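Here the structure is a predicted model, which is why all the values come from computation and not from measurement. Side-chain atoms are counted along with the backbone in the values below, which use heavy atoms only and exclude waters and symmetry mates.
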Amino acid sequence: MLISLQETPALRLHPADDVAVTLVPLPLGKAITVEGITVRATTTIAPGHKVALRPLAVGEPVRRYGQVIGFATIPIDQGDHVHSHNLAVGSMTLDYEYGTDIRPVPPVDTARSFLGYRRTSGRAGTRNTIVVIGTVNCSAHTVRRVAERARAELLPSFPNVTDIVAIAHKSGCATRVNSPELELLQRTLAGFARHPNVAACVFVGLGCEVNQYETLIDSQRQRLGGLDVPPYIGIQDNGGVAATVEAGVQAVATLLPYADSFRREPTPISELCLALQCGGSDGFSGITGNPALGHAVDLLVAHGSTAVLSETPEVYGAEHLLTRRAISRAVGEKLVRQIRWWEEYTAREGFEIDNNPAPGNKAGGLTTIFEKSLGAVAKGGSMPLSAVYDYAEAIDAHGFTFMDTPGYDPVSATGQVAGGCTIVAFTTGRGSCFGFKPAPSIKIATNSTTYHRMRGDMDINAGRVLEGVSVERVGREIFEKLIAVARASSALAKRRVSVRKNSTLGSAVPPCSAICRITTPKRRFVIGERRLYGDGLALLDPDFCCRNEAMLTYPLLHPEILAALAGAGHGSQVLIADGNYPLSTRSHPAARRVFLNLAPGMLTVTTVLGVVCGAIPVEAAHVMVPDTGSDPAIFAEFRSLLPGQELQRLDRFAFYDAARSPDLALAIATGEQRVYANILLTIGVVPPHTP
């Protein structure tokens, strides 16, 4: 789908639609033509909202996406703003068909992989975390303190462990033994204990709660594993909160060497399990971000991956589109049963499911839950619905699936991650900042305004669909971003660089802006008691740099590049650009920019790449590809300089966006005359020196 805002001020999404979605502000009296229909705005209409393309009588259904989004509550004239003042949900009977829209999963030409952590269960994670789990709300403070202490005091010594995370909640007591509520909590906690992103865990309880640790273990033994029972600490038995915090830190200390033994290894992306989330949706979500994410889901499913749609109240009114994709009647009927439960629940509590959309959704142009749901299900792409799960149930199927959760993002994502999702994709129009450890989360802005206003929080700008970029291209960018995030260390982890004691001065000496590899062709550097804590760079103090003659033989001598790399770390990026690259406008403004383009052909990208690769470990490499998809000749040289490193392909605009990421630490301009000779490196980790 290609859109020009100059020619398309409003968009009709389906020939049967009674409304068009405004892409620009429509002032009172503004005349526009949409697919041959000319209307004049009867009031001011904001972008993302709906304008009536024809008169609608009271009670008449109103369609968007070719589906009913509600019924007119008052007469609507052509050109009217269609929103909460004249549109509402009503009684509607959906036609549930089962398996009538199953499309074949397309084959893939090349298998893709990421660097994952293989667990003893056989599953693979995207992160390597230790979790401290509370069995009851009474231990919430304690598990947070244990995790805080362990992160600060222990984690820096174990560079292969991503994080130490507290799993706290407000439940675990004041409920009935063997109740459905307790069983739900127990399977959720067990899901975190045996999550693929979790290397080890410890449970902390009070002692007198309903959710007894022994009961939890017995009820979830299949999920937790028969012999490998996690350690448990009780606050009452252990002598109080302070004593339990100390015991908890010690328990984590015993788990860290085991967790640190895991290493990333090449893993097929069929091992990925993606949670699909949206929050702060707007009128563009169903046009840009959600369909683009849906295209990425189709690509993942084609590679054998798993994607999990959820938020049952936010597929309400669109569930018939999902039942048509169910691989069996049983799968489709399970989804319908979940829908019926939510109908009964809201009626029993005196609510309506249409209490959602939220005020922010409505300000962004969404009017009814039917409209919101029709846009939300687009996140699920078009592949067959292979399974439907209850909340936090273990996800064991591949392909596109669904999990029953509330529409509230934190609770919904909790169920998905407890079920086994190892990465989260989250679309937002208004600007949700939600993330969910231990699973990394990428944010997809559905409009360019939010993307640029919240640039530090957004990963992908799907709003470019409204500026002429196709849904498929943005979907491919999301697909590539998911793989890149899956294979990289946590972007949320703080950089940890040691400050060692200098034996001569007897004081703490901060690192300077000179950088050196742990190994060079000449010798191995051993820097006193220095340890490398996961930034991928060995930082030398000024005294060492001035005294060690080995620096004179070091291959990288450019002072600005040395300084930039010294300030970088694991996950930071380095751009090496050809002579055609717009470095000033297409690199992050906070990055250090170094111009080596002395004359055409001086210096070349490959010359600079060879020197830089000799100084830093490279974890990932992204390249810019032509629209034709063909490989420029320089790619062969890239591969020879980066043996064993997969070149991850991005089209020109996706590459520009990647280079404007806050992770970019250094941008180098060269005099390279070959086109599409741009490469974006992600800095990896140097293992700590072992004498």
Side-chain angles (χ1 to χ4, degrees), residues 119-120 127-158 161-179 181-195 197-262 392 414 417-418 437-438:
R119 304 301 179 195
T120 55
R127 296 296 183 266
N128 191 37
T129 307
I130 289 178
V131 292
V132 186
I133 304 175
T135 62
V136 66
N137 64 299
C138 304
S139 62
H141 168 76
T142 305
V143 299
R144 292 191 182 104
R145 288 292 296 134
V146 170
E148 290 168 4
R149 285 269 310 274
R151 271 197 303 271
E153 300 170 18
L154 304 176
L155 188 58
S157 297
F158 298 90
V161 179
T162 307
D163 206 350
I164 300 170
V165 177
I167 306 297
H169 55 90
K170 299 179 180 180
S171 185
C173 207
T175 188
R176 181 170 52 85
V177 174
N178 298 325
S179 65
E181 293 80 10
L182 184 61
E183 195 277 331
L184 185 149
L185 173 64
Q186 290 176 338
R187 74 169 180 258
T188 301
L189 299 182
F192 280 101
R194 286 295 180 264
H195 192 274
N197 288 3
V198 173
C201 69
V202 57
F203 281 88
V204 178
L206 179 61
C208 59
E209 62 267 22
V210 172
N211 185 30
Q212 289 288 300
Y213 176 70
E214 292 78 7
T215 305
L216 189 157
I217 293 296
D218 288 342
S219 68
Q220 301 297 318
R221 189 167 297 278
Q222 181 177 0
R223 189 125 179 223
L224 288 170
L227 298 176
D228 185 14
V229 177
Y232 169 79
I233 305 169
I235 296 173
Q236 292 169 345
D237 292 338
N238 208 61
V241 170
T244 303
V245 171
E246 294 297 331
V249 172
Q250 290 302 312
V252 172
T254 63
L255 298 173
L256 275 164
Y258 170 73
D260 196 61
S261 69
F262 286 95
T414 298
V417 174
K437 293 183 179 183

For this session: For side-chain contact (heavy atoms from CB on, under 4.5 Å), just list the numbers for Ile167 and Val143, CA-CA rounded to whole Å, side-chain angles, deciding distance to a tenth of an Å, and then say yes or no.
Result: CA-CA 7 Å; Ile167 306 297; Val143 299; over 6 Å; no
Exercise. Can you name the closest pair of heavy atoms from Val249 and Ala150 and give their distance?
Worked result: CG2-N, 4.5 Å
Problem set entry | Considering all heavy atoms, the nearest Arg221-Val229 contact | NH1-CG2, 4.4 Å
Exercise. Does some side-chain heavy atom of Ile217 sit less than 4.5 Å from a side-chain heavy atom of Pro230?
Worked result: yes
Exercise. Does the Glu183 side chain pair with the main chain of Glu181, one donor and one acceptor, at a distance under 3.5 Å?
Worked result: no
For this session: Can you tell me which residue pairs pass the side chain to side chain donor-acceptor pair (under 3.5 Å) test with a partner in residues 233-253, sequence neighbours excluded?
Result: Arg149-Glu246
Exercise. Would you say the side-chain atoms of Thr175 pair up with the backbone N or O of Leu182, donor to acceptor, closer than 3.5 Å?
Worked result: no
Seminar exercise, completed: Gly205 and Thr135 have their tightest heavy-atom pair at CA-OG1, 3.1 Å
Seminar exercise, completed: Heavy-atom nearest pair, Asn128 first then Ala199, reads OD1-CB, 3.2 Å
Exercise. How about Ile235 and Val241: do any of their side-chain heavy atoms sit closer than 4.5 Å?
Worked result: yes
Exercise. Looking at side-chain heavy atoms only, is the closest gap between Leu224 and Leu216 below 4.5 Å?
Worked result: yes
For this session: Side-chain contact test, heavy atoms from C-beta onward, threshold under 4.5 Å: evaluate it for Cys173 versus Val210 and give yes or no.
Result: yes
Problem set entry | Aromatic ring pairing Phe262/Tyr258, orientation class (parallel under 30°, perpendicular over 60°, tilted between) | perpendicular
For this session: Measure from the side-chain N and O atoms of Arg127 to the backbone N and O of Asn197, and report whether any donor-acceptor pair falls under 3.5 Å.
Result: no
Seminar exercise, completed: Scanning both residues in full, the closest heavy-atom pair of Ala168 with Arg144 reads CB-NH2, 3.7 Å
Problem set entry | ring pair (Phe, Tyr, Trp, His ring centres under 6.0 Å) pairs, two or more places apart, involving residues 235-256 | none
Problem set entry | Charged N-O contact under 4.0 Å between Glu148 and Arg145 | yes
For this session: Please answer whether the main-chain N or O of Asn211 pairs with a side-chain N or O of Thr215 as donor and acceptor at a distance below 3.5 Å.
Result: no
Problem set entry | Tyr232: ring pair (Phe, Tyr, Trp, His ring centres under 6.0 Å) partners, not counting sequence neighbours | Tyr213
Problem set entry | Between CG on residue Leu185 and NZ on residue Lys170, distance to nearest 0.5 Å | 14.0 Å
For this session: Report yes if the side chains of Leu189 and His169 come closer than 4.5 Å at any heavy-atom pair, otherwise no.
Result: yes
Seminar exercise, completed: Nearest heavy-atom approach of Arg187 to Arg223 is O-NH1, 3.3 Å
